[in-house]
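Let me begin by presenting the structure, written as structure tokens, before commenting on it.
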Amino acid sequence: MTERDTALPAIDPALREQMVEGICALLPHVLKREVTGATADTTLMEALGMSSTSGLELILELEERLELEISVEELGREDFGTVGSLADYVAGNLLPEA
């Protein structure tokens with residue numbers, strides 16, 4: 001376990017589900033193709049062919065769509081493993097409204 005693993009904040013399951021739904025809804029727009037059947041377990045890079053550039057675009061679109069600000073300081077490749085891992089990161093790294 002890394003230091004980061006032990007410092008994960010508790011994530012509200014309803015917020016996580018909202019993030020999963022938001023990410024799945026944005027996938028067709030970001031990837032510029034139809035995406036069906038995506039779930040929390042869908043791998044972003046392997047199953048969907050997402051690149052690091054499209055991953056960052058997804059974060060920006062999610063911020064805009066949900067009117068949230070997401071801290072990307074700790075965002076790493078491992079956070080783009082699955083829709084669920086990205087939802088966990090986003091739900092745990094929302095910045096307070098200014």
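Bear in mind the structure is a predicted one, so any value in this text is a computation, not a measurement.
Atom CD of Glu61 is separated from atom CG of Leu27 by 11.5 Å, given to the nearest 0.5 angstrom. Distance CG/Leu44 to OG/Ser85: 6.5 Å, rounded to 0.5 Å. Here CG of Leu60 is found 8.5 Å from CD1 of Ile70. Values are rounded to the nearest 0.5 Å. Remark: Leu48 CG to Arg33 CZ distance equals 6.0 Å, nearest 0.5 Å. Between Glu17 atom CD and Asp12 atom CG the span is 11.0 Å, to the nearest 0.5 Å. Distance check, rounded to the nearest 0.5 Å: CD1 of Ile23 to CD of Glu21 gives 10.5 Å.
Across every non-hydrogen atom of Ala47 and Thr42, the tightest pair is CB-CG2, 4.2 Å. The two residues Ala87 and Arg16 have their closest heavy-atom pair at CB-O, 3.9 Å. The minimum heavy-atom distance between Asp88 and Ile11, with the atom names listed, is O-CD1, 3.2 Å. Here the shortest heavy-atom pairing between Ala38 and Cys24 reads O-SG, 3.6 Å. In terms of heavy-atom proximity, Glu73 sits nearest to Tyr89 at N-OH, 4.0 Å.
Under a 3.5 Å cut-off, the side chain of Asp79 and the backbone N or O of Gly76 do form a donor-acceptor pair. Using a distance-only test at 3.5 Å, with no hydrogens or angles considered, no donor-acceptor pair links the side chain of Thr43 to the main chain of Met45.
The hydrophobic clustering, which links ILVMFWY residues whose side-chain heavy atoms are closer than 4.5 Å, places Met50 and Leu56 together. Transitive grouping of hydrophobic side chains (ILVMFWY, heavy atoms separated by less than 4.5 Å) brings Leu26 and Leu15 into a common cluster. Hydrophobic clustering (side-chain heavy atoms under 4.5 Å, transitive across Ile, Leu, Val, Met, Phe, Trp, Tyr) groups Leu68 together with Leu62.
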Which is it for Leu86 and Ile59 under the side-chain contact (heavy atoms from CB on, under 4.5 Å) test, yes or no, and what are the steps along the way? CA-CA 9 Å; Leu86 185 56; Ile59 293 290; 3.7 Å; yes
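The pair Lys32-Glu57 meets the salt-bridge criterion, with a side-chain N (NZ, NE, NH1 or NH2) lying under 4.0 Å from an Asp/Glu carboxylate O.
Within the 4.5 Å cutoff, the side chain of Leu66 has heavy atoms near those of the Gln18 side chain.
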